[in-house]
Amino acid sequence: MKIASWNVNSLRVRLPHLLDWLVTSRPAMLGLQETKLTDDKFPQKEIESAGYHVVFAGQPTYNGVALLVDAAHFQPPHNVQINNPLFPDDQARLIAADIYATQGKKAMRLICGYIPNGSEVGSEKFDYKRRWLTACAAWIQQELVTHPRLAFVGDFNIAPDDRDVHDPALWHEKILCSTAERQHLEALFKLGLSDAYRLHEQPAQQYSWWDYREAAFRRNRGLRIDLILLSAELAAACTASGIDAGPRRLEKPSDHTPVWADVRL
DNA sequence: ATGGCTTGAGTGTCAAGA
């Protein structure tokens with residue numbers, strides 16, 4: 001069963017890419033970020049026609065997250081939580097749900113997050129990112145108490161270490177790569193979550209995001225900032241993980257590409 | 001080099017992303 005995450009950078013523009021990817025990759029569960037749609041404009045029918053249950057939380061212009069679950073194997077999401085109950089936020093950045101198999105067995109708690117970008121180290125938005133991440137860790141800690149099988153997927157807007165950066169010198173202590181941001185990620189690891197990508201051997205220089213400018217994708221000047229974090233129980237059941245750069249090669253792509261982990265459920 | 005693309009909003013041009 002494939003668990004995946006994709007920052008689509010406008011679901012209105014990227015819907016054809018998403019529908020194609022659902023057919024070719026058939027993820028069991030998928031978290032989307034940057035849908036950039038209000039809920040009245042969400043393409044629910046198109047996604048349901050592709051065989052997926054979907055829940056979503058949007059706002060005008062920015063942010064927006066969604067969870068897709070394969071309707072052939074799972075019930076519609078239960079106990080849907082939008083945003084962090086410990087952190088009042090007018091930005092739509094988190095959605096969580098309990099996922100049950102059609103036979104009734106609980107599969108996991110699935111959380112999709114669009115972590116703030118932070119703009120620039122030391123800026124007001126950077127401060128928001130840090131407060132957001134502190135509250136996020138407190139909430140995840142609570143969630144793990146009741147949900148030992150937990151997957152937290154999303155655009156974390158943090159490259160875990162220098163292996164995840166095309167040019168570590170260029171990005172040294174810059175936004176997405178600063179020590180402070182990496183410590184927030186470490187705090188999530190200390191709660192017992194693992195970066196699914198690093199559970200398995202991986203080719204060097206694989207990234208999940210490339211700037212639209214200066215032919216960054218062609219030159220593979222990217223960062224790995226889209227992650228699948230698994231609780232210990234799910235990490236033990238993770239058989240493979242990777243990044244699918246295929247959608248980044250299409251016409252009018254998202255600047256992010258899907259990341260995935262295979263988990264025995 | 002603070003640009004360089006892309007999106008949404010909205011019709012001129014800017015904010016925001018990473």
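Chain letters run A, B, ... following the sequence lines, proteins first, then strands; residues in each count from 1. What you are looking at is a predicted structure, and each value in this text was computed from that prediction instead of being measured.
Using atom P as the reference point in both B:dG10 and B:dT6, the two lie 22 Å apart (nearest Å). For the P atoms, the distance from B:dT2 to B:dT13 is 22 Å, rounded to whole Å. Of the C1' atoms belonging to B:dA1 and B:dG12, the separation is 27 Å, rounded to the nearest Å.
Side-chain N/O atoms of A:S119 and A:E124 include no donor and acceptor closer than 3.5 Å. Side chain to side chain, A:Q33 and A:S5 meet the donor-acceptor criterion of an N or O pair below 3.5 Å.
Taking atom CG of residue A:D211 and atom P of nucleotide B:dA16, one finds them 18 Å apart after rounding to whole Å. Straight-line distance from the CZ atom of A:F42 to the P atom of B:dG8: 14 Å, rounded to whole Å. Rounded to whole angstrom, the span from the CG atom of A:N117 across to the C1' atom of B:dT6 amounts to 14 Å. Protein atom CZ of A:R12 is 14 Å distant from nucleotide atom P of B:dG10, rounded to whole Å. Atom CD of A:Q59 and atom P of B:dG8 are 14 Å apart (whole Å).
A close approach under 4.0 Å does occur between a side-chain nitrogen or oxygen of A:Y114 and OP1 or OP2 of B:dA18. The phosphate of B:dG17 has neither OP1 nor OP2 within less than 4.0 Å of any side-chain N or O from A:H256. Between A:R14 and B:dT7 there is a side-chain polar atom (N or O) within less than 4.0 angstrom of OP1 or OP2. Of the side-chain N and O atoms in A:N7, one or more sit less than 4.0 angstrom from OP1 or OP2 of B:dA18. At the phosphate of B:dG17, neither OP1 nor OP2 sits under 4.0 Å from any side-chain N or O atom of A:S119. Considering only side-chain N and O atoms, A:K174 lies nowhere under 4.0 angstrom from the phosphate OP1 or OP2 of B:dA18. Proximity of A:N157 to the phosphate of B:dA18: a side-chain N or O atom is located under 4.0 Å from OP1 or OP2. A close approach under 4.0 Å does occur between a side-chain nitrogen or oxygen of A:K125 and OP1 or OP2 of B:dG17. In this structure, A:R213 does not reach the B:dG3 phosphate: none of its side-chain N or O atoms is under 4.0 Å from OP1 or OP2. Between A:K252 and the phosphate of B:dC5, there is no side-chain N or O to OP1/OP2 separation shorter than 4.0 Å.
With A:Y207 as the aromatic partner, A:R224 does not meet the cation-pi criteria of under 6.0 angstrom to the ring centre and within 45 degrees of the ring axis.
The aromatic rings of A:F87 and A:Y128 lie tilted to each other, with the angle between the two planes from 30° to 60°. Relative orientation of the A:H78 and A:Y100 rings is tilted, given thresholds of 30° and 60° on the angle between their planes.
Using a 4.0 Å heavy-atom criterion, one finds that A:D155 contacts the sugar-phosphate atoms exclusively. In this structure, A:L176 reaches the sugar-phosphate backbone alone: every heavy-atom distance under 4.0 Å involves primed, P, OP1 or OP2 atoms, never a base.
Comparing A:E214 and A:K36 by the nucleotide of DNA chain B that holds the closest heavy atom to each, the one mapping nearer the 5' end is A:E214. Along DNA chain B, the nucleotide closest to A:T38 and the one closest to A:R93 are compared, and the more 5′ of them pairs with A:T38.
Between the NZ atom of A:K36 and the CG atom of A:N9 there is a distance of 4.0 Å, given to the nearest 0.5 Å.
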